[in-house]
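Read the structure below first, then the notes.
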Amino acid sequence: MKGLTDFMRASQLYAPTLRQMPAEAETKGHKLLLRAGFIRKAAGGIYTYLPLAWRTIKKIEQIIREEMDAAGGQEIAMPIIQPAELWRESGRWDVYGAEMMRLTDRHDREFSLGPTHEEMVTALIRDEVRSYKQLPLLLYQIQNKYRDEIRPRFGLMRGREFIMKDLYSFDKDVDGMNTSYQKMFDAYTKIFTRCGLKFRPVEADNGAIGGGHSHEFTVLAESGESNIACCTKCSYAASDEKAELKPLTAADEELLPVDKIATPGAHTIELLADYLKIPVEKTIKAVAFADEADGRLILAFVRGDHEVNETKLLNATGALHLVMADDDAIKAAGGCPGFMSPIGIDGAKAVVVVDATVANMKNAVTGANEVDFHYKNVTPSRDFPAFCQIADIRLVKEGDACPKCGAPLTLTRGIEAGQVFALGTKYSEKLNARFLDETGKEKPFQMGCYGIGVGRTMQAAIEQNGDENGIVWPRAIAPFEVAVVPINGKDEQQLSFAQKIYDELKTAGIDALLDDRPERAGVKFKDCDLIGYPLRITVSPKGIENGEVEVKVRKTGEIFVFAADAYLTEVQNLLREL
RNA sequence: CGGGGUGUAGUUCAGCUUGGUAGAACACUUGCCUUGGGAGCAAGGGGUCGCAGGUUCAAAUCCUGUCGCUCCGACCA
């Protein structure tokens with residue numbers, strides 16, 4: 001394969017496999033990357049990529065480059081070290097907070113280690129691009145990014161230094177931006193398909209980056225950190241943060257007057273439902289947050305069996321970042337932790353958001369803002385104060401109705417390997433990046449940004465495809481496609497036969513490795529399984545004698561024996577299916 | 001930030017309670033033997049026990065401090 005260093009001999013390849021498992025690894029992918037000699041940790045969330053990993057990384061990058069270029073992208077390389085001033089212009093120097101790695105030079109000038117490059121690329125464009133005739137413009141790079149994660153974990157899944165492809169699109173209008181967005185969406189679909197991964201593009205929340213619509217490309221894997229909701233009937237799929245929910249309606253029943261009742265010790269929903277012998281669906285749960293930015297109290301109310309979706313709550317309140325509220329703040333607003341409801345809350349001291357499903361409830365039980373007391377027969381539409389804001393703030397759960405067609409949603413775990421954002425003019429306006437349109441009018445650029453975690457994609461492939469014996473690489477991103485293994489690495493005849501096969505594979509354009517190590521067969525077989533070469537060709541005295549070539553498929557464990565003069569075609573056929 | 005755990009050979013760990021010659025397995029080196037699923041035998045090399053103080057005749061072990069790493073939590077009302 002072009003551009004790749006050719007380690008043809010395993011005896012010279014630096015691939016320190018471990019027989020024993022380093023203790024700290026958590027997920028399948030993290031364990032296998034360490035065990036199979038792909039990565040080594042330098043510090044929390046910071047890793048060295050060893051030769052095998054780097055080959056895979058380069059293959060993934062190559063696929064990305066080809067698809068980015070095909071979609072009209074041009075590769076550039078922006079600095080990792082970025083001046084603080086740029087981030088102050090966009091307002092993100094403070095917004096990004098502790099997540100940003102910062103440094104100071106000898107003159108006390110402040111810099112960041114780029115966590116992303118919207119500011120940088122926008123500043124680049126604003127000084128150079130003056131006319132709509134120069135648009136659209138799609139620029140991308142593949143390089144290290146830095147984020148001081150609160151808790152790095154799972155190896156390459158959540159690192160503090162990681163490789164990312166980021167592309168930025170600049171268009172003259174919204175239509176143009178949507179066209180660029182669609183190009184990227186299609187390119188991402190091709191990239192993950194070519195990488196041999198099972199994935200799902202899902203509607204996503206834009207989060208802190210802002211802007212309009214967004215999709216995440218989620219690689220399906222049990223060990224993933226994100227949940228996606230997929231419709232069992234139609235094509236709707238969304239991240240759990242995003243998944244919209246229509247409010248549930250309550251059964252018709254006669255509205256009863258509110259009644260205050262003693263509920264000693266019932267400070268959780270479970271205790272309460274238990275004590276009153278009512279279903280949790282008849283209770284209303286309170287969750288108290290504070291906006292980290294201005295400290296204001298935010299009270300969220302959802303049905304007893306539901307959970308608060310913090311992302312939706314953020315969007316509903318315009319808060320910056322939610323933290324747990326402390327009890328004093330709750331009490332100051334008239335609330336009572338453990339026995340809370342909107343009734344009796346001082347609307348001037350708290351933002352109260354009621355989930356749309358709660359707004360439809362009838363004769364429910366809710367706290368009385370007094371220790372050991374609740375109200376029963378509360379009907380929010382009648383009894384809740386007017387300052388309550390009603391919004392969809394609940395987290396999706398298995399079986400909820402699809403917002404598009406009403407069929408049940410199913411929840412699946414996955415790894416967010418890529419995300420595309422339609423940004424609009426958020427950054428171009430902040431940074432004053434404008435051009436002249438056809439009518440000579442000055443306009444801000446319509447932007448989009450599109451990221452792929454390269455290391456994360458590599459690990460995602462393992463999370464999805466590894467088994468108890470090791471990695472099972474999709475052929476397109478395997479460090480080598482075929483390993484040629486003479487069972488006796490000291491036997492001249494076997495070695496030269498293996499060498500001949502190796503040469504033939506290379507000539508046919510197959511990325512092969514010759515395992516010429518003087519190890520016992522068992523050791524080499526174990527390593528092959530661990531490292532996960534899609535195919536293994538075993539060279540034995542028996543095979544040489546019979547003029548046969550033995551091929552083992554890592555994924556299925558199948559073993560094929562081909563005639564020596566015909567094996568090459570068969571190997572190519574097998575590879576095509578992997 | 002809150003709460004645990006941990007730091008001893010390249011790696012995984014034991015030893016610490018009850019202070020007294022620093023250990024095992026794997027890895028490594030050399031030789032023999034062996035070669036279809038991480039072999040066997042023999043002989044070796046390798047650690048100022050995270051760091052700094054203190055107690056003691058004597059500290060990996062007890063005390064104090066400090067640094068690193070790691071896990072859980074920070075979506076409970």
Side-chain angles (χ1 to χ4, degrees), chain A residues 16-26 30 34-37 40-46 97-98 150-155 227 240-241 263 265-273 280 283-290 292 298-302 304 306-314 321-327 329-331 335-341 365-369 371-372 374 393-395 397 469-470 485-491 493-495 515 517-531 536-544 550 552 557 559 561:
Chain A
T17 55
L18 303 174
R19 193 179 297 201
Q20 207 166 8
M21 203 45 245
E24 81 266 12
E26 295 261 1
H30 187 195
L34 287 167
R35 262 201 77 193
R40 287 294 181 265
K41 187 170 73 171
I46 300 175
I150 190 168
R151 214 182 128 196
R153 59 181 132 179
F154 306 143
N227 278 306
D240 63 344
E241 294 181 333
T263 51
H267 63 282
T268 67
I269 290 296
E270 288 69 32
L271 291 171
L272 178 68
V280 286
T283 65
I284 298 171
K285 176 157 78 178
V287 187
F289 299 92
E292 201 175 35
I298 295 173
L299 301 178
F301 292 88
V302 293
H306 291 160
E307 298 295 331
V308 173
N309 180 328
E310 282 195 37
T311 302
K312 288 181 182 175
L313 188 60
L314 274 177
H321 181 64
L322 297 176
V323 294
M324 287 297 107
D326 61 52
D327 287 0
I330 297 172
K331 285 172 188 157
C336 173
F339 301 90
M340 202 134 62
S341 82
V365 173
T366 180
N369 287 319
V371 176
D372 292 344
H374 280 82
I393 56 164
R394 60 173 273 238
L395 191 65
K397 58 180 199 176
N469 293 317
V485 183
I487 59 169
N488 184 343
K490 290 177 184 163
D491 182 294
Q493 194 197 10
Q494 286 180 41
L495 269 177
D515 194 344
R517 293 175 302 166
E519 295 284 351
R520 297 169 62 82
V523 173
K524 296 199 272 195
F525 291 163
K526 287 285 186 193
D527 272 349
C528 282
D529 289 349
L530 186 56
I531 292 168
R536 184 186 86 202
I537 294 182
T538 315
V539 173
S540 65
K542 189 179 64 185
I544 297 174
E550 177 186 320
K552 181 175 179 184
I559 293 177
V561 178

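A 3.5 Å limit on both hydrogen-bonding distances identifies rC1(B) as the Watson-Crick or G-U partner of rG73(B). When both pairing distances are held under 3.5 Å, rC26(B) makes a Watson-Crick or G-U pair with rG10(B). Base pairing of rG19(B) is not made with any nucleotide, judged by Watson-Crick or G-U wobble geometry with both donor-acceptor distances under 3.5 Å. Nucleotide rG45(B): unpaired (no Watson-Crick or G-U wobble partner with both distances less than 3.5 Å). Using Watson-Crick or G-U wobble geometry with both donor-acceptor distances under 3.5 Å, rC51(B) finds its partner in rG65(B).
In this structure, the side chain of Gln494(A) engages the main chain of Asn488(A) through a donor-acceptor pair within 3.5 Å.
Per the geometry, CD belonging to Gln493(A) stands 16 Å off P belonging to rU35(B), to the nearest Å. Rounded to whole angstrom, the span from the CZ atom of Arg40(A) across to the C1' atom of rC69(B) amounts to 17 Å. In this structure, Arg153(A) atom CZ and rU70(B) atom P are separated by 12 Å, rounded to whole Å. Rounded to whole angstrom, the span from the CZ atom of Arg517(A) across to the P atom of rG38(B) amounts to 14 Å. Between the CG atom of Leu18(A) and the P atom of rC13(B) there is a distance of 13 Å, rounded to whole Å.
Counting distance only, with no hydrogens placed and no angle test, the side-chain atoms of Lys552(A) and the base atoms of rG36(B) include no donor-acceptor pair under 3.5 Å. Counting distance only, with no hydrogens placed and no angle test, the side-chain atoms of Arg520(A) and the base atoms of rG40(B) include no donor-acceptor pair under 3.5 Å. Counting atom types as modelled, Lys41(A) pairs no side-chain N or O with a base atom of rU70(B) as donor and acceptor under 3.5 Å. The base of rG38(B) sits with one of its N or O atoms less than 3.5 Å from a complementary donor or acceptor on the side chain of Asp527(A).
Atom name C1', nucleotides rU66(B) and rG20(B): the rounded distance is 28 Å, in whole Å. Between the C1' atoms of rU56(B) and rG40(B), the separation comes to 49 Å (whole Å). One P atom belongs to rG23(B), the other to rU48(B), and the distance between them is 14 Å to the nearest Å. Between rU11(B) and rG47(B), the distance separating the two P atoms is 14 Å to the nearest Å. rC71(B) and rA59(B) are spaced 35 Å apart, taking the P atom of each and rounding to whole Å. Separating the P atom of rC63(B) from that of rG5(B) is a span of 14 Å, rounded to the nearest Å. The separation of rC49(B) from rC13(B), taken at their C1' atoms, amounts to 13 Å, rounded to a whole angstrom. If you take atom C1' in rC57(B) and the same atom in rG4(B), they sit 38 Å apart, rounded to whole Å.
Heavy atoms of Arg394(A) sit nowhere under 4.0 angstrom from any nucleic acid atom. Across all strands, Glu241(A) comes closer than 4.0 Å to no nucleic acid atom at all (heavy-atom distances).
When every heavy atom of Met340(A) is checked against every heavy atom of Thr366(A), the shortest pair comes out as O-OG1, 3.5 Å. For the pair Val308(A) and Phe289(A), the tightest heavy-atom approach, listed with the atom from each and the gap, is CG1-CE1, 4.1 Å.
Between rG36(B), rG38(B), rU35(B), one nucleotide has an atom nearer to the side chain of Thr538(A) than all others, and that is rG36(B).
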Please tabulate, one pair per line, each protein N/O and nucleotide N/O from nucleotides 25-28 of chain B that are separated by under 3.5 Å, including the distance.
| residue | atom | partner | partner atom | Å |
| --- | --- | --- | --- | --- |
| rA27(B) | OP1 | Arg19(A) | NH2 | 3.1 |

So which protein nitrogen or oxygen atoms get under 3.5 Å of nucleotides 74-77 of chain B's nitrogens or oxygens?
| residue | atom | partner | partner atom | Å |
| --- | --- | --- | --- | --- |
| rA77(B) | OP1 | Lys285(A) | NZ | 3.4 |
| rA77(B) | O2' | His267(A) | O | 2.8 |
| rA77(B) | O2' | Gly338(A) | N | 2.8 |
| rA77(B) | O2' | Gly338(A) | O | 3.1 |
| rA77(B) | N6 | Ala288(A) | O | 3.3 |

